[in-house]
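Read through the structure below, which is laid out as structure tokens, and then see the notes.
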Amino acid sequence: NEDRERAWRASRDTKLETIPNCEAWQEFLTLHSLNTFPPPLPPLPPPPPIPMGRPAFFCACWGPSIFSTKPSTEEVKGWSQSFDKLMKNPAGRNVFREFLRTEYSEENMLFWLACEELKSECSKHAIDEKARVIYEDYISILSPKEVSLDSRVREGINRKMQEPSLHTFDDAQLQIYTLMHRDSYPRFLNSAIYRSLLQSVSRSSSES
């Protein structure tokens, strides 16, 4: 009998230990009945990819949308000799534009290119339409791609827009060209984008 009683007491104690704390259990039942459990934690973001091989900007520079033909070593070296050489070279403009994108100032190049396209138009209708688009995209203070111009140039554009012509944006184009030359171009020459490209074309030239 004593053995049976000890076994019964041991079994009872074990069952009592498994019953949760009364207050905690009551809280659980209340939350469950109200369905007010705290929301689950959001999933952790995926870890950043481990860079392998050449950096991403290098691959972007060699994409088909950037180069129709691979620039020569002489061309790439020439870009460091003058800003004019860089801007007159289609591949140079594309690489410089990629650099400006990293500095969040790509609109400067886009505006300059748009002005060049405007100068190639012949019909009055096309000139009016392109001038309007350029104004809305790069001159209007409401545009997210507005370029930085001084008040004198901006006022001149507003007057010329009453009768747009091929030269409506000439002063603004020159001002943005000068800004890119003095501000962005020196940083471009010291950038990883330009140095990697120069190293690559130099290596390819020595291997061929």
Side-chain angles (χ1 to χ4, degrees), residues 48-120 130 133-157 167-207:
I50 300 175
M52 300 179 64
R54 291 169 174 152
F57 66 76
F58 186 91
C59 300
C61 285
W62 289 109
S65 61
I66 302 301
F67 294 143
S68 56
T69 57
K70 184 177 179 180
S72 66
T73 305
E74 290 72 22
E75 284 181 295
V76 177
K77 287 182 177 179
W79 301 344
S80 65
Q81 296 172 3
S82 76
F83 186 60
D84 288 341
K85 284 188 175 182
L86 173 70
M87 292 294 285
K88 289 178 180 178
N89 185 282
R93 289 196 301 268
N94 286 334
V95 178
F96 186 54
R97 176 178 169 183
E98 288 296 310
F99 168 75
L100 293 178
R101 186 176 297 167
T102 67
E103 293 203 331
Y104 304 99
S105 58
E106 183 188 12
E107 66 275 3
N108 290 333
M109 175 64 80
L110 295 177
F111 170 70
W112 188 89
L113 291 172
C115 292
E116 289 295 293
E117 290 182 6
L118 173 64
K119 294 175 183 177
S120 66
K130 282 204 171 181
V133 171
I134 291 174
Y135 186 91
E136 291 178 354
D137 284 350
Y138 305 108
I139 308 300
S140 171
I141 60 174
L142 301 177
S143 172
K145 297 185 292 183
E146 178 194 5
V147 295
S148 179
L149 300 171
D150 62 38
S151 58
R152 177 189 61 83
V153 171
R154 192 176 292 277
E155 290 171 1
I157 292 175
H167 306 289
T168 296
F169 303 101
D170 281 2
D171 291 342
Q173 187 183 20
L174 176 60
Q175 192 168 99
I176 294 302
Y177 186 92
T178 303
L179 175 65
M180 292 190 294
H181 184 191
R182 294 179 179 176
D183 186 58
S184 303
Y185 177 60
R187 292 197 299 273
F188 167 73
L189 296 180
N190 291 316
S191 69
I193 291 179
Y194 178 69
R195 290 179 178 274
S196 274
L197 179 58
L198 181 60
Q199 182 181 12
S200 174
V201 294
S202 299
R203 187 188 304 117
S204 298
S205 177
S206 62
E207 292 175 354

Separation of Met109 CE from Met180 CE (nearest 0.5 Å)
5.0 Å

Ser202 to Lys77 - nearest heavy-atom pair and separation:
OG-CE, 4.4 Å

Anything under 30° is parallel, anything over 60° is perpendicular, the rest tilted; go ahead and classify Trp79 against Tyr194.
tilted

Measuring from Ile134:CD1 to Phe169:CZ, what's the distance to the nearest 0.5 Å?
5.0 Å

What pair of heavy atoms forms the shortest contact from Glu103 to Ser184, and how long is it?
OE1-OG, 4.1 Å

Taking the side chain as C-beta and beyond, is there a heavy-atom pair between Glu146 and Ile139 under 4.5 Å?
no

Side-chain donor-acceptor distances from residues 82-90 under 3.5 Å, at least two apart:
| from | atom 1 | to | atom 2 | distance (Å) |
| --- | --- | --- | --- | --- |
| Ser82 | OG | Lys85 | N | 3.1 |
| Asp84 | OD1 | Tyr177 | OH | 2.3 |
| Lys85 | NZ | Gln81 | OE1 | 2.5 |
| Asn89 | OD1 | Ala91 | N | 3.0 |
| Asn89 | OD1 | Gly92 | N | 2.9 |
| Asn89 | ND2 | Glu75 | OE2 | 2.9 |

Looking only at heavy atoms, which two atoms of Arg154 and Val147 are closest? And how far apart?
NH2-O, 3.5 Å

Do the side chain of Ser196 and the main chain of Ile193 share a donor and acceptor less than 3.5 angstrom apart?
no

Salt bridge check: are Arg101 and Glu98 linked by an N-O gap of less than 4.0 Å?
yes

List in chain and number order the residues that pass side-chain hydrogen bond (donor to acceptor under 3.5 Å, both in side chains) with Tyr135, two or more places apart in sequence or in another chain; answer none if no residue qualifies.
Asn158

From Asn108 atom CG to Gln173 atom CD, the distance as rounded to the nearest 0.5 Å
12.0 Å

At what distance, to the nearest 0.5 angstrom, does CZ of Arg195 lie from CG of Leu189?
8.5 Å

Rounded to the nearest 0.5 Å, how far apart are CG of Leu110 and CG of Leu100?
9.0 Å

Verdict with reasoning, Ser105 to Glu107, per side-chain contact (heavy atoms from CB on, under 4.5 Å)
CA-CA 5 Å; Ser105 58; Glu107 66 275 3; 4.3 Å; yes

CG (Asp150) and CD (Glu155) are apart, to the nearest 0.5 Å, by 9.0 Å

Ile176 vs Thr178, test: side-chain contact (heavy atoms from CB on, under 4.5 Å). Steps then yes/no.
CA-CA 5 Å; Ile176 294 302; Thr178 303; over 6 Å; no

Applying ring-ring contact (aromatic ring centres under 6.0 Å, His included) to Phe111 and not counting sequence neighbours gives Tyr138

Could you tell me whether Glu136 and Lys145 have a side-chain N and a carboxylate O separated by less than 4.0 Å?
no

Per side chain to side chain contact (heavy atoms under 4.5 Å, CB included), Lys70 is matched among Leu197, Val76, Val201 by Val201

